[in-house]
Structures are given as C-alpha cells and as structure tokens.
Amino acid sequence: QSVLTQPPSVSAAPGQSVTISCSGSSSNIGNNYVSWYQQLPGTAPKLLIYDNNKRPSGIPDRFSGSKSGTSATLGITGLQTGDEADYYCGTWDSSLSAVVFGGGTKLTVL
Amino acid sequence: EVQLVESGGGLVQPGGSLRLSCAASGFTFSTYWMTWVRQAPGKGLEWVAYIKQDGSEKYYVDSVKGPFTISRDNAKNTLYLQMNSLRAEDTAVYYCARGRYCSSPTCRYFDFWGQGTLVTVSS
C-alpha cells in the first residue's frame, strides 16, 4: 500500500485530455513540494513536473501540475500515443522521514 | 550532457552482498546530493537512500537501515550502494538519481536518473 494514492489506470483517446490524481496527507503533500515522473515502457523514470507545477526545460506545455491541500494533479492535454507510460507522483513525508511515491498510474491512449 | 550509469547488479543468493556503482558525468558531481531509488518487478518506485554532497549526511528508508550503506567518491564521480544481508524482497531495478534543491533531510525532486541495474536475490 503506497502512502500516496493514485488511480491504477486512466485512458483516453488521442487528442483528448486526462488528469491523474495523487492523494496524500498533511505529513506529505500538504506540507511539501510534489514532483511527477513519467516512465515509458522499459525505461528509467523521467522528471515531468517539479515544485508542484513547474516544467523542466524540454517538457511540452501539454503537461501541467497543480496542488491543493493534500492532493496533487497531473494534467495532460492533446494526448499522443507516445504519452503511454506509467506516471508517478512523489514527495517527502515528514512523519516517515522518507521520500514517498504514489503507486503509479498507467496511461493508455486508445 | 548529464549521464548516470549504474553497474554492479546481478544474481545473488539470500544473505549475500552486492555493491552497486553509479558513474556520473556531465556535471559537477561533488556539488549535488545523490539518491538511490528501486523498483521491484512490476511494482512502483521506492526511495532507498540519500547522501549529501560531501557524504557527511546519509538518510535511508527504514526497510534498508543497517544492511545497506550509501557512499560516494567525489574524486571518481561515483556513487555507491553497499547491500548486505540481501533478501528476496530486495529484488529490484536500482536507479541512481540526482537531487535538486536539497536541504537536510531531503531534496525537492530528482532531475536526472540512470538507466538502472537489476538485482535479483534468489537461491
């Protein structure tokens, strides 16, 4: 059981939009920055969003992040087949004194 | 170009030891916190350990405290993970990653990751 809760899977058609939620508590998301990582099949994770809503250089603005209270959300617009991947949220948990990740969400672009 | 290349994984018997290495290039290694993150087959990401720039501070997930030791050699631009008393539950791909905006005891995010090295603990 992951400390951060993500839906196991989401799906949408090419060109459509999707959101992936990440639910936590005051000891993690509520008081710390959230980052998101994309893991394409068979590859290493890649930073997608940091500090709740910032994109590293090279990440298209189709990807966005937000945080409200103890939850965070990753948004992807204009879905492409190349976006099919597992997506993970992560943050620091002050109670556990550990970095925690969500269980991951598998995105399928139908 | 930032590059992180892990090595040292393999098959080891339960109770055995293994040392992983992560060779860094393309950035000033000695000025960054580094971390190990693992991923069991078909599972999600699990943070394992952090080490500060000069090695003076180290942090571990509870499940590896004691058996695992993170270290670094800044002269060789290399990060290490010494893993002792290995158990089947330690079977995973181990990734090294660079930490950003770090202040004890954590970093805000990991901006570059290696390709990973597979550790299999089995008899």
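Side chain to side chain, A:Asp93 and A:Ser27 meet the donor-acceptor criterion of an N or O pair below 3.5 Å. Residues A:Gln39 and A:Tyr37 have side chains that never bring a donor and an acceptor to within less than 3.5 angstrom of each other. A:Tyr33 and A:Ser35 are not linked by any side-chain donor-acceptor pair at a separation below 3.5 angstrom, with hydrogens and angles left out of the test. A:Ser66 and A:Asn53 share no side-chain donor-acceptor pair at under 3.5 Å.
For a residue to count as touching a neighbouring chain, one of its non-hydrogen atoms must lie under 4.5 Å from one of that chain's; by this rule B:Tyr50 touches chain A with the side chain only. At a 4.5 Å heavy-atom cutoff, the contact between B:Glu46 and chain A is made by backbone atoms alone. Only the side chain of B:Tyr95 comes within less than 4.5 Å of a heavy atom in chain A; its backbone stays farther off. A:Pro45 touches chain B through backbone and side chain together, each having a heavy atom under 4.5 Å away. Using a 4.5 Å cut-off between heavy atoms, B:Val93 makes no contact with chain A at all. Using a 4.5 Å cut-off between heavy atoms, A:Thr91 makes no contact with chain B at all.
Per-residue heavy-atom pair counts under 4.5 Å with chain B were compared for A:Ala98, A:Gly104, A:Gly102, and the maximum is reached by A:Ala98.
In this structure, B:Tyr32 has its ring center closer than 6.0 angstrom to the ring center of B:Phe27.
To the nearest 0.5 angstrom, A:Ser64 atom OG is 8.5 Å from A:Arg55 atom CZ.
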